[in-house]
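Below you'll find the structure, written out as structure tokens, and then a few comments.
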Amino acid sequence: MENLIQETLLANLDLPKHQLVIFTWGNVSTINRAKGLVAIKPSGIPYDQLEARHIVVVDLKGKVVSGTYRPSIDTATHLEIYRRFSSVSGIAHTYSRWATIWAQSGLDIPVLGTTHADYFYGDIPCTRKLTADETSSEYELNTGKVIAETFENRKINPATVPGVLVASRGPFSWGGSAAEAVYHAVVLEECAMMAYHTRMLRADLPEIDQNLQDRHYQRRHGKTAYYGQKRG
């Protein structure tokens with residue numbers, strides 16, 4: 001439990017460090033799948049005051065099992081992502097500027113260069129807008145459902161595209177840990193910024209060739225990946 005809380009705390013503190021959030025915006029969570037427990041940022045606590053004692057631990061039904069603070073109001077979204085995406089062990093939700101611009105525009109972030117292709121195997125999708133009924137009842141849960149629906153309908157693997165834009169709102173990212181979820185949030189923001197400016201310079205620019213996209217993604221993540229140093 002202590003390790004889960006500490007990992008979640010450190011990842012949350014990285015959000016303002018990387019200029020992905022201001023004030024009390026955003027949140028990060030971590031799951032221990034063996035125990036069915038999720039640690040998440042508390043609601044409304046400023047990052048410069050956040051301590052381990054503030055982190056809340058809930059079960060997969062959202063029941064608080066540790067902590068005296070209210071969990072993030074986005075907890076139901078995180079829990080739905082964990083339920084639907086078995087490869088995910090950490091989730092970050094931010095309102096980073098450039099990614100949020102794309103989300104508010106209702107547009108996918110296209111693969112225009114190899115930086116994007118290094119981390120996201122395809123466009124970063126934007127969900128459809130939630131309906132009035134979905135917004136008025138169980139809004140946070142329905143946000144998670146719409147994220148899962150987007151990946152299922154488009155046949156996107158959440159393990160190879162570790163992020164999404166929620167229409168009219170902002171980005172969520174994930175990974176094998178809370179730290180990796182934040183890492184992907186940083187990369188997503190950078191890709192959003194570069195894609196925006198690239199399209200301003202050339203609105204008709206097509207996405208990069210599939211063979212180049214494949215090469216860049218596979219050399220980092222494929223079975224014969226050769227990026228970085230050998231371990232052991």
Report task. Check whether any side-chain N or O of Trp102 sits under 3.5 Å from a backbone N or O of Ala192 as a donor-acceptor pair, and report yes or no. Result -> yes
**Report entry** Least distance between heavy atoms, Arg33 atom then Ser86 atom
**Finding:** NE-O, 3.4 Å
**Report entry** side-chain hydrogen bond (donor to acceptor under 3.5 Å, both in side chains) contacts touching residues 52-61 (sequence neighbours left out)
**Finding:** Glu51-Arg53, Arg53-Tyr69
Query raised in the report: Angle class for the Phe120/His116 ring planes (parallel below 30°, perpendicular above 60°, tilted otherwise)?
Result: perpendicular
Requested in this report: Decide whether Leu201 and Met194 are clustered together by the hydrophobic rule: side chain heavy atoms of Ile, Leu, Val, Met, Phe, Trp, Tyr closer than 4.5 Å, transitively.
Outcome: no
Query - Results of side chain to side chain donor-acceptor pair (under 3.5 Å) for Glu134 - residues two or more places apart only - result: Arg128, Thr131
Requested in this report: Any chance you could lay out the side chain to side chain contact (heavy atoms under 4.5 Å, CB included) test for Ile22 and Trp25, step after step, and finish with the verdict?
Outcome: CA-CA 6 Å; Ile22 60 174; Trp25 301 4; 3.5 Å; yes
Report summary line: One should read off an interatomic distance between Ile124 CD1 and Ile109 CD1, to the nearest 0.5 angstrom, of 4.0 Å
**Report entry** Nearest-0.5 Å distance that lies between atom OH in Tyr82 and atom CD1 in Ile91
**Finding:** 4.0 Å
Requested in this report: Check the pair Leu20, Val186 against side chain to side chain contact (heavy atoms under 4.5 Å, CB included), reporting the backbone distance first and the verdict last.
Outcome: CA-CA 7 Å; Leu20 297 173; Val186 174; 3.8 Å; yes
Report task. Rounded to the nearest 0.5 Å, what's the gap from CD on Glu7 to OG1 on Thr30? Could you check? Result -> 4.5 Å
Requested in this report: Look at atom CZ of Arg215 and say whether more than 12 heavy atoms of other residues, nucleotides or ligands are closer to it than 6.0 Å.
Outcome: no
**Report entry** Residue list, side chain to side chain donor-acceptor pair (under 3.5 Å) with Thr143, at least two apart or on another chain
**Finding:** none
Report task. Indicate yes or no for a side-chain donor-acceptor contact from Glu207 to the backbone of Leu112 under 3.5 Å, with no hydrogens or angles considered. Result -> no
Query raised in the report: Under the salt bridge (charged side-chain N to carboxylate O under 4.0 Å, His left out) test, which residues partner Asp48, sequence neighbours left out?
Result: none
**Report entry** Close side-chain approach of Thr94 and Leu15, heavy atoms under 4.5 Å
**Finding:** yes
**Report entry** Residues which pass ring pair (Phe, Tyr, Trp, His ring centres under 6.0 Å) with Tyr217, listed by chain and number, not counting sequence neighbours
**Finding:** Tyr121, His221
**Report entry** Leu188-Ile208 co-clustered via ILVMFWY side chain contacts under 4.5 Å
**Finding:** no
Report task. Using the rule that two of Ile, Leu, Val, Met, Phe, Trp, Tyr join whenever any of their side-chain heavy atoms come within less than 4.5 Å, decide whether Leu9 and Ile45 are in one cluster. Result -> yes
Query - Val28 side chain near Asp14 side chain, heavy-atom distance below 4.5 Å - result: no
Report task. Using a 4.5 Å cut-off on heavy atoms from C-beta on, say whether the side chain of Val56 contacts that of Ser66. Result -> no
Query raised in the report: By side chain to side chain contact (heavy atoms under 4.5 Å, CB included), which residues pair with Ile73, not counting sequence neighbours?
Result: Ser43
Report task. Go through Leu37 and Val58 one step at a time and tell me if the side chain to side chain contact (heavy atoms under 4.5 Å, CB included) criterion holds. Result -> CA-CA 6 Å; Leu37 297 177; Val58 302; over 6 Å; no
**Report entry** Test side chain to side chain contact (heavy atoms under 4.5 Å, CB included) applied to His93 and Thr77, step by step
**Finding:** CA-CA 10 Å; His93 171 41; Thr77 305; over 6 Å; no
Requested in this report: Indicate, with yes or no, if Val146 and Phe151 share a hydrophobic cluster defined by side-chain heavy-atom contacts under 4.5 Å among Ile, Leu, Val, Met, Phe, Trp and Tyr.
Outcome: no
Requested in this report: Scan side-chain atoms only and decide if Gln210 and Asp214 contain a donor-acceptor pair under the 3.5 Å cut-off.
Outcome: yes
Query raised in the report: Distance under 6.0 Å and angle within 45° of the ring axis: does Lys41 meet both against Tyr47?
Result: yes
Requested in this report: Identify the two heavy atoms, one from Cys126 and one from Arg154, that lie closest to each other, and give their separation to 0.1 Å.
Outcome: O-NH2, 2.8 Å
Query raised in the report: Are any non-hydrogen side-chain atoms of Thr127 and Leu165 less than 4.5 angstrom apart?
Result: no
Query - Exam field: side chain Asp209 to backbone Asn211, donor-acceptor pair closer than 3.5 Å - result: no
Query raised in the report: Do the side chains of Val65 and Ile55 join up, straight or via other hydrophobic residues, at under 4.5 Å, putting them in one cluster?
Result: yes
Report task. Go through the structure and list residues passing side chain to side chain contact (heavy atoms under 4.5 Å, CB included) with Asp118, not counting sequence neighbours. Result -> His216, Arg219, Arg220
**Report entry** Closest approach of His197 to Met193 (non-hydrogen atoms, all atoms of both residues)
**Finding:** ND1-O, 3.0 Å
Query - Residue list, ring pair (Phe, Tyr, Trp, His ring centres under 6.0 Å) with His184, at least two apart or on another chain - result: none
Sequence neighbours excluded and cut-off under 3.5 Å, please list the side-chain donor-acceptor pairs for residues 166-178, or say none.
unit_1	atom_1	unit_2	atom_2	d
Arg169	NE	Tyr95	OH	3.1
Arg169	NH2	Asp74	OD1	2.7
Arg169	NH2	Asp74	OD2	3.4
Ser173	OG	Ala181	O	2.8
Ser173	OG	Ala185	N	3.4
Trp174	NE1	Pro158	O	2.8
Ser177	OG	Glu180	N	3.1

Report summary line: ring pair (Phe, Tyr, Trp, His ring centres under 6.0 Å) filter on Tyr227, not counting sequence neighbours, yields none
Report task. For residues Thr75 and Pro71, report the shortest heavy-atom separation together with the two atoms involved. Result -> OG1-CB, 3.5 Å
Query raised in the report: Backbone N or O of Pro110 within a donor-acceptor pair of the Asp108 side chain at under 3.5 Å?
Result: no
**Report entry** salt bridge (charged side-chain N to carboxylate O under 4.0 Å, His left out) involving Glu80 - partner list, sequence neighbours excluded
**Finding:** Arg83, Arg84
Query raised in the report: More than 12 heavy atoms of other residues, nucleotides or ligands under 6.0 Å from CD of Gln104: is that the case?
Result: yes
Query raised in the report: Between Gln6 and Ala52, is there a donor-acceptor pair closer than 3.5 Å when you use the side chain of the first and the backbone of the second?
Result: no
Query - Partner residues of Gln218 under the side chain to side chain donor-acceptor pair (under 3.5 Å) criterion, sequence neighbours left out - result: none
**Report entry** Distance in Å, Glu149 CD paired with Asn142 CG, rounded so as to fall on 0.5 Å steps
**Finding:** 10.0 Å
Query - Over 12 foreign heavy atoms within 6.0 Å of CZ, Phe23 - result: no
Query raised in the report: What are the two closest heavy atoms between Asp133 and Ser136, and how far apart are they?
Result: O-OG, 3.2 Å
Query raised in the report: At what distance, to the nearest 0.5 angstrom, does OG of Ser29 lie from CD1 of Ile81?
Result: 8.0 Å
Query - Closest non-hydrogen atom pair, Val161 against Asp123 - result: CG1-O, 3.8 Å
Report task. Drop me the distance from Arg70's CZ to Ile40's CD1, to the nearest 0.5 angstrom. Result -> 15.0 Å
